[in-house]
Amino acid sequence: MTTHPISATNIPMESNLTRKPLWLITGAAGFIGARMVERCNERGFAVISADDLQAFSSRPEHSGLDFGTKVDFRDLWTWLAAHPGTRPDVVIHLGACSSTTELNVEFLRRVNVEYSQKIWDYCTRNSIPLCYASSAATYGGGELGYADDESAMDHLKPLNPYGESKRLFDVWAIEQEKKGSHPPAWSGHKFFNVYGFGERHKGGQASVVLHAYDQICKSGGVRLFKSHREGIAHGHQSRDFIFVRDVIDILEFAATHPVRRGIYNVGTGEARTFLDLTRAVFKSMGQPEQIEFIDTPEAIRERYQYFTQATTRKLRDAGYTRAFTSLEEGVKATVGQLEAFGRLRN
């Protein structure tokens, strides 16, 4: 895997060059968080991993990862106060409730908004660069497009409380910057449809790649939602699917460049259909296509997105030049990891 070169001149760190760079990663036991820890392991960085402690031991995909110092996310502030000499060089804030079906607005406010505000304030007080996870769910049905224009974020209308919680923090972050209260470098990242190895703990919220793989293993076929919108054929609902390795590359770039400020789309800039994705899974598994279309559940039918596609100009203007992994290549890599992991488990 080709990755960005890292040197002592482009890593934000203290004057002691003999010390390993130290990254604090929240949501470290999650899908993207664990892959971020994996990248830190590859780089030789030290890690403080914040998450629910039980999650570190309950997910077999974590085998072989070094999470460094593990801290329960609820105790993070107490732990940091008790270790004043431990100052991270970078904070990667990925911890959140990421369920698009969560309807408890108060819970989402505490976990996704207020906790993120504490992270922001900590980084501001201690002059630590911050990269945090936003979401393409902030764009709602896409009526206002998918441009990462910060001036338009007040007007976006997410389709669910999760998306709204992410939008609220984006707006708050921009307001704090205007007040002059912000980390020395900060960037928010609107993740589009991320897929890759290590999603199984997400259950129904995992990507269609994993669901398709599991269904093919079990029955030889895949079930996809019908289209309930005129002019869009079954299976032609489209998303901007992005491979998790590309997401990690972008976060590493933003943290080490560092990106000075702003909120950026994290997508490929190309929408692909669910049929494209499913056919890539069948091909990667060497299985014949067998697809059945079922009704979209009424509970989510009105909030279902039929199209997402990131604009990537802003990220490119910030200096990110790497090509994105194609859907076919990313699916093939994911299926390969799933099958290799299954063989190790059996």
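We count residues from 1, following the sequence as given.
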Checklist entry - Taking it one step at a time, do T138 and Y146 satisfy side-chain contact (heavy atoms from CB on, under 4.5 Å)? => result CA-CA 9 Å; T138 57; Y146 298 94; over 6 Å; no
Checklist entry - Are any side-chain N or O atoms of E292 and backbone N or O atoms of V222, one a donor and one an acceptor, separated by less than 3.5 Å? => result no
Checklist entry - Do any N or O atoms from the side chain of T26 and from the backbone of G95 form a donor-acceptor pair under 3.5 angstrom? => result yes
Item to check | Test ring pair (Phe, Tyr, Trp, His ring centres under 6.0 Å) applied to F67 and H62, step by step | outcome: CA-CA 9 Å; F67 287 97; H62 289 166; 5.0 Å; yes
Checklist entry - With distance as the sole test, does T273 use its side chain to make a donor-acceptor pair with the main-chain N or O of D276 at under 3.5 Å? => result yes
Checklist outcome for this item: The single option from D240, D170, D148 that satisfies salt bridge (charged side-chain N to carboxylate O under 4.0 Å, His left out) with K190 is D170
Checklist entry - Any idea which heavy atoms bring K166 and A96 closest together, and the distance? => result NZ-CB, 3.6 Å
Next on the checklist: Within a 6.0 Å radius of atom NZ on K118, are there more than 12 heavy atoms belonging to other residues, nucleotides or ligands?
Outcome noted: no
Next on the checklist: With a 3.5 Å distance limit and no angle check, can you tell me whether N160 reaches the backbone of G163 through a side-chain donor-acceptor pair?
Outcome noted: yes
Item to check | Heavy-atom side-chain proximity of V171 to D154 below 4.5 angstrom | outcome: yes
Checklist entry - Any sub-3.5 Å donor-acceptor pair from S238's side-chain atoms to H236's backbone N or O? => result yes
Item to check | NZ or CZ of K70 within 45° of F56 ring axis and under 6.0 Å | outcome: yes
Checklist entry - Below 6.0 angstrom between ring centroids: does that apply to F274 and F225? => result no
Item to check | Side chain Q305, main chain F307, donor-acceptor under 3.5 Å | outcome: no
Item to check | Distance-only side-chain donor-acceptor flag, S116 / H93, under 3.5 Å | outcome: yes
Checklist entry - Is R39 salt-bridged to E42, cutoff N-O under 4.0 Å? => result yes
Checklist entry - Quick one: does I25's side chain get under 4.5 Å of C40's, heavy atoms only? => result yes
Next on the checklist: I need the minimum non-hydrogen distance between L22 and R87, along with the two atoms involved.
Outcome noted: CD2-O, 4.0 Å
Checklist entry - So, E143 and K157, do they make that salt bridge, N to O below 4.0 Å? => result no
Checklist entry - Are the side chains of K283 and E289 in touch, meaning some heavy atoms are under 4.5 Å apart? => result no
Item to check | From R272 atom CZ to Q237 atom CD, the distance as rounded to the nearest 0.5 Å | outcome: 15.0 Å
Next on the checklist: Tell me whether T296 contacts the main-chain N or O of K226 through its side chain, where contact means a donor paired with an acceptor under 3.5 Å.
Outcome noted: yes
Next on the checklist: Set out, in order, the CA-CA distance, both residues' side-chain angles and the distance that settles ring pair (Phe, Tyr, Trp, His ring centres under 6.0 Å) for W77 and Y115, then state yes or no.
Outcome noted: CA-CA 10 Å; W77 316 114; Y115 195 90; 5.5 Å; yes
Item to check | Whether D72 side chain and D52 backbone form a donor-acceptor pair below 3.5 Å | outcome: no
Item to check | Note, V281 side chain near I216 side chain (heavy atom, < 4.5 Å) | outcome: yes
Item to check | Cation-pi geometry met for K314 and Y264 (6.0 Å, 45°) | outcome: yes
Checklist entry - So which heavy atom on A271 is nearest to which on Q309, and how close? => result N-OE1, 2.9 Å
Checklist outcome for this item: Scanning both residues in full, the closest heavy-atom pair of P183 with L130 reads CG-CB, 4.1 Å
Item to check | Under 3.5 Å: donor-acceptor pair, side chain of Y162, backbone of L103 | outcome: no
Item to check | Sub-6.0 Å ring centroid separation between W79 and F73 | outcome: no
Next on the checklist: Could you walk me through whether I294 and L224 satisfy the side-chain contact (heavy atoms from CB on, under 4.5 Å) test, starting with their C-alpha distance in whole Å, then the side-chain angles of each, then the deciding distance to 0.1 Å, before giving a yes or no?
Outcome noted: CA-CA 6 Å; I294 62 173; L224 293 177; over 6 Å; no
Checklist entry - What's the verdict on salt bridge (Lys or Arg N to Asp or Glu O under 4.0 Å) for D89 and R19, showing C-alpha distance, side-chain angles and the deciding distance? => result CA-CA 11 Å; D89 298 297; R19 182 179 68 81; 2.9 Å; yes
Checklist entry - Looking at side-chain heavy atoms only, is the closest gap between C123 and W186 below 4.5 Å? => result no
Checklist entry - Do the non-hydrogen side-chain atoms of R322 and I250 ever get within less than 4.5 Å of each other? => result no
Next on the checklist: Among residues at least two apart in sequence or on other chains, which ones pass side-chain hydrogen bond (donor to acceptor under 3.5 Å, both in side chains) with Y139?
Outcome noted: N265
Checklist entry - Does R110 CZ have over 12 foreign heavy atoms under 6.0 Å away? => result yes
Next on the checklist: Do L80 and Y122 have side chains that approach each other closer than 4.5 Å (heavy atoms only, starting at C-beta)?
Outcome noted: yes
Next on the checklist: Rounded to the nearest 0.5 Å, what separates atom CZ in R279 from atom CD in E328?
Outcome noted: 11.5 Å
Next on the checklist: Restricting to non-hydrogen atoms, name the atom on S326 and the atom on Y195 that form the minimum distance, rounded to 0.1 Å.
Outcome noted: O-OH, 3.8 Å
Checklist entry - Counting heavy atoms not belonging to E106, are there more than 12 under 6.0 Å from its CD? => result yes
Item to check | ring-ring contact (aromatic ring centres under 6.0 Å, His included) partner of F197, the single match among F341, F243, Y213, F31 | outcome: F341
Checklist entry - Quick check: does any side chain N or O of S227 sit under 3.5 Å from a backbone N or O of R229, one acting as donor and the other as acceptor? => result yes
Item to check | For A255 against I92, the heavy-atom pair lying closest together | outcome: CB-CD1, 4.1 Å
Checklist entry - Of all residues at least two apart in sequence or in a different chain, which pass the side chain to side chain contact (heavy atoms under 4.5 Å, CB included) check with N193? => result R239, F241, T308
Item to check | Sub-4.5 Å side-chain heavy-atom contact between I48 and W23 | outcome: no
Next on the checklist: Can you tell whether the side chains of E175 and K178 come within less than 4.0 Å, N to carboxylate O?
Outcome noted: no
Item to check | Listed partners of H189 passing side-chain hydrogen bond (donor to acceptor under 3.5 Å, both in side chains), at least two apart | outcome: S187
Item to check | More than 12 heavy atoms of other groups within 6.0 Å of R260 CZ | outcome: no
Checklist entry - Between H234 and F293, is the ring centre distance below 6.0 Å? => result yes
Next on the checklist: Could you check whether atom CZ of R313 has more than 12 heavy atoms from other residues, nucleotides or ligands sitting under 6.0 Å from it?
Outcome noted: no
